[in-house]
Trainee: 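Below you'll find the structure I mean.
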Amino acid sequence: MLELTDAFALGLLDAHDQAALVRNGELDAATLAEAALMRIAALDPALRAASHVASELATARAARLPGGGAMRGVPWMPKDSLDYPGMPSRACSRSRTGMLAAAGHPFVDRLDAAGLVAVGKTSMPEFGLLGSTEPLAGPVTRNPWSARHSPGGSSGGAGAAVAAGLVPLAHGSDGAGSIRLPASCCGVVGLKPGRDATVRVRSRHNVEDLLVGDSLMSRSVRDTAWAFAATHLQPRRPMVTGPSARRLRIAVIENGLQGGAPHADVADVVRRTADLCATLGHRVEAAAWPLDGAAFLQSFQDLWTHLGADCVDTVRAGSGVRRLEDALEPWTLALGSRAEMLSPAALEAAYRQLAGLPARLADFFTRHDVLLSPVASTPPPLLGTFAPTVPAATLMETMFDWIAYTPLQNLAGTPAISLPLFAASDSDAPGGGLPVGSMFSADRGQEDMLLALAYELENAQPWHARWPAVSVATRSRQA
């Protein structure tokens with residue numbers, strides 16, 4: 001019989017090491033699934049990272065897995081918005097029912113073919129429209145490093161689940177930083193692939209197809225690199241397996257797109273990261289944004305407003321909803337109302353931004369290989385800062401100021417990765433000692449370059465021994 005201490009010990013391993021145990025015959029897939037479910041039962045009451053636990057489905061799949069598959073038996077968790085057969089797709093909204101999805105899309109099919117076992121789903125803000133995982137439908141997810149702080153969003157449940165060791169892999173979707181923000185807040189690896197880099201993840205949508213990139217969040221670069229290769233548009237694409245000898249031209253930008261300076265701890269992390277890169281022989285130099293940041297963010301907010309309005313229109317057209325206020329959160333409804341006031345000229349300006357960005361960034365990346373910047377303007381915020389009940393005018397200003405670095409790569413369709421190299425150093429400041437990610441971005445098609453750099457930085461500044469207060473490591477020591 002599997003003991004809880006054994007389940008915690010397995011949770012210390014990344015996906016590659018867990019897969020090796022099955023491949024070498026030391027454990028079977030059913031044991032890995034059982035261990036993950038035990039970890040969720042033991043740790044998630046304090047985190048609330050899981051929106052759905054699929055014990056029977058996971059146990060049945062693990063028992064009948066065919067041979068082969070690079071990650072045979074390794075447990076993972078889809079985000080609550082990702083269609084996975086046999087699980088509900090609620091997107092953590094009260095407007096959604098618990099109807100089980102009948103099928104997924106090619107992204108899920110690829111992961112199933114690799115032998116992964118989905119053990120449940122992770123929490124998110126309603127429809128992924130906020131930067132903190134505090135849906136009114138629940139569950140409100142807590143940062144495993146500090147229960148008072150947010151794990152970020154929208155893939156906040158995924159970030160918390162991976163950081164705590166519930167599972168080694170969890171799906172994230174990134175439309176404005178929704179992988180990179182929780183990766184930064186929770187101290188894990190978060191890659192946003194560039195546009196059209198992976199197979200189809202969801203049903204077609206005019207805006208989401210342009211903005212959203214999907215990958216699996218993890219605690220090791222090799223796990224994230226494997227997931228990117230496994231879900232790439234090109235079948236059987238080889239994964240990046242280590243650093244490159246190439247020395248890069250790394251541009252550094254500290255201030256946000258509207259010119260605001262980041263929190264002192266965030267600036268310190270970026271400078272320490274820049275110094276590390278210089279020590280490794282890369283050419284590091286200060287740079288400026290190659291665009292009008294304020295105009296860009298205005299256009300992005302307008303597109304984001306239309307995403308929220310689409311959610312409102314879909315629920316309004318559905319049956320059985322007496323009042324929209326009973327089905328949708330105040331923030332979602334506010335986005336719908338804002339969209340009604342936007343002129344076609346505003347939408348035209350947004351699409352003009354979208355059309356012009358690839359050329360501007362391509363020109364920027366003729367002079368630089370990689371851009372280093374903060375992920376967010378502050379360390380992880382306190383829960384409640386970006387709750388859906390905060391007045392919409394306040395959220396429109398404060399949330400987009402907090403994420404003033406990440407939407408650029410979404411609108412431009414370029415890749416970026418958040419790495420947990422350092423933490424906030426000022427223990428007296430709000431968020432002191434919490435993870436603060438360093439973001440590296442590049443031109444289209446340069447995911448492999450970012451992953452090779454990530455391997456090098458992981459070797460130079462390892463983070464694997466750092467675990468949060470609520471995690472398999474701390475519980476193992478207590479046991």
Side-chain angles (χ1 to χ4, degrees), residues 2-15 18 31-59 62 74-82 84 86-92 98 116-125 132-172 182-183 185-188 216-219 380 383 435 467-479:
L2 188 68
E3 299 290 339
L4 186 56
T5 52
D6 298 325
F8 286 154
L10 288 171
L12 295 170
L13 305 178
D14 74 354
Q18 291 194 33
T31 301
L32 286 186
E34 180 187 1
L37 293 167
M38 291 174 69
R39 293 192 296 270
I40 292 171
L43 296 175
D44 200 54
L47 293 176
R48 304 301 307 280
S51 61
H52 175 75
V53 180
S55 303
E56 293 183 6
L57 186 71
T59 301
V74 174
W76 74 293
M77 298 181 77
K79 191 173 175 178
D80 200 50
S81 55
L82 184 70
Y84 189 88
M87 295 190 199
S89 296
R90 296 190 182 97
C92 286
L116 291 179
V117 176
V119 296
K121 285 197 163 186
T122 58
S123 188
M124 59 185 287
S132 185
T133 304
E134 307 176 49
L136 296 186
V140 172
T141 305
R142 300 183 180 277
N143 193 311
W145 295 85
S146 166
R148 298 186 304 121
H149 289 82
S150 170
S154 63
S155 308
V162 169
L166 303 186
V167 287
L169 298 168
H171 163 251
C185 289
C186 296
V188 300
L216 299 187
M217 300 165 70
S218 76
R219 285 182 50 87
L383 283 170
W467 287 89
V470 178
S471 69
V472 292
T474 53
R475 291 295 179 91
S476 293
R477 289 194 290 269
Q478 292 168 5

Trainee: First locate atom CE of Met38, then atom CG of Leu10, and finally report the distance between them rounded to the nearest 0.5 Å.
Mentor: 10.0 Å

Trainee: Between the side chain of Thr122 and the main-chain N/O of Met77, is any donor-acceptor distance below 3.5 Å?
Mentor: no

Trainee: Give a yes or no on whether the backbone of Cys92 and the side-chain of Asp80 come within a donor-acceptor separation of less than 3.5 Å.
Mentor: yes

Trainee: Is any side-chain heavy atom of Ser471 closer than 4.5 Å to one of Pro144?
Mentor: no

Trainee: Between Ser155 (side chain) and Gly172 (backbone), is there a donor-acceptor pair under 3.5 Å?
Mentor: no

Trainee: Specify the closest pair of heavy atoms between Ala118 and Ala58, including all atoms of both residues, with the distance to one decimal.
Mentor: O-CB, 3.4 Å

Trainee: Donor-acceptor pair, distance only, cut-off 3.5 Å: does the side chain of Arg39 make one with the backbone of Val472?
Mentor: no

Trainee: Could you go step by step and tell me if Cys185 and Asn143 meet the side chain to side chain contact (heavy atoms under 4.5 Å, CB included) rule?
Mentor: CA-CA 8 Å; Cys185 289; Asn143 193 311; 4.0 Å; yes

Trainee: Would you name the heavy atoms of Gly157 and Ala49 that are closest together and state the gap between them?
Mentor: O-CB, 3.5 Å

Trainee: At what distance, to the nearest 0.5 angstrom, does CD of Gln18 lie from CG of Leu169?
Mentor: 8.5 Å

Trainee: Counting only N and O atoms by type, is there a donor-acceptor contact under 3.5 Å from the side chain of Ser154 to the main-chain atoms of Pro125?
Mentor: no

Trainee: OG/Ser132 to CE/Met124 distance, rounded to the nearest 0.5 angstrom?
Mentor: 12.5 Å

Trainee: Are Arg219 and Trp467 in a cation-pi contact, defined as NZ or CZ under 6.0 Å from the six-membered ring centre and within 45° of the axis?
Mentor: yes

Trainee: I need the minimum non-hydrogen distance between Ala164 and Leu43, along with the two atoms involved.
Mentor: O-CD1, 4.0 Å

Trainee: So if I apply the side chain to side chain contact (heavy atoms under 4.5 Å, CB included) rule between Val53 and each of Val119, Asp44, Leu37, which one comes out positive?
Mentor: Leu37

Trainee: Walk me through it: do Leu216 and Leu116 pass the test side chain to side chain contact (heavy atoms under 4.5 Å, CB included)?
Mentor: CA-CA 12 Å; Leu216 299 187; Leu116 291 179; 4.1 Å; yes

Trainee: Do you know the tightest heavy-atom contact between Asp6 and Leu2?
Mentor: CB-CD1, 3.6 Å

Trainee: Can you check whether Pro75 reaches Pro168 side chain to side chain, under 4.5 Å on heavy atoms?
Mentor: yes

Trainee: Give a yes or no on whether the backbone of Arg48 and the side-chain of Thr141 come within a donor-acceptor separation of less than 3.5 Å.
Mentor: yes

Trainee: Which atoms form the tightest heavy-atom contact between Thr133 and Gly153, and what is the distance?
Mentor: OG1-CA, 3.9 Å

Trainee: Report the distance from atom CZ of Arg142 to atom CZ of Arg148, rounding to the nearest 0.5 Å.
Mentor: 11.0 Å

Trainee: Taking atom types as modelled, is there a side-chain donor on Ser89 or Lys121 under 3.5 Å from an acceptor on the other?
Mentor: yes

Trainee: To the nearest 0.5 Å, tell me how far His52 NE2 sits from Met87 CE.
Mentor: 5.5 Å

Trainee: Taking Trp145 for the side chain and Cys186 for the main chain, is one N or O donor matched with an acceptor at less than 3.5 Å?
Mentor: yes

Trainee: Please name the pair of heavy atoms, one in Ala46 and one in Val470, separated by the smallest distance, quoted to 0.1 Å.
Mentor: CB-CG1, 4.3 Å

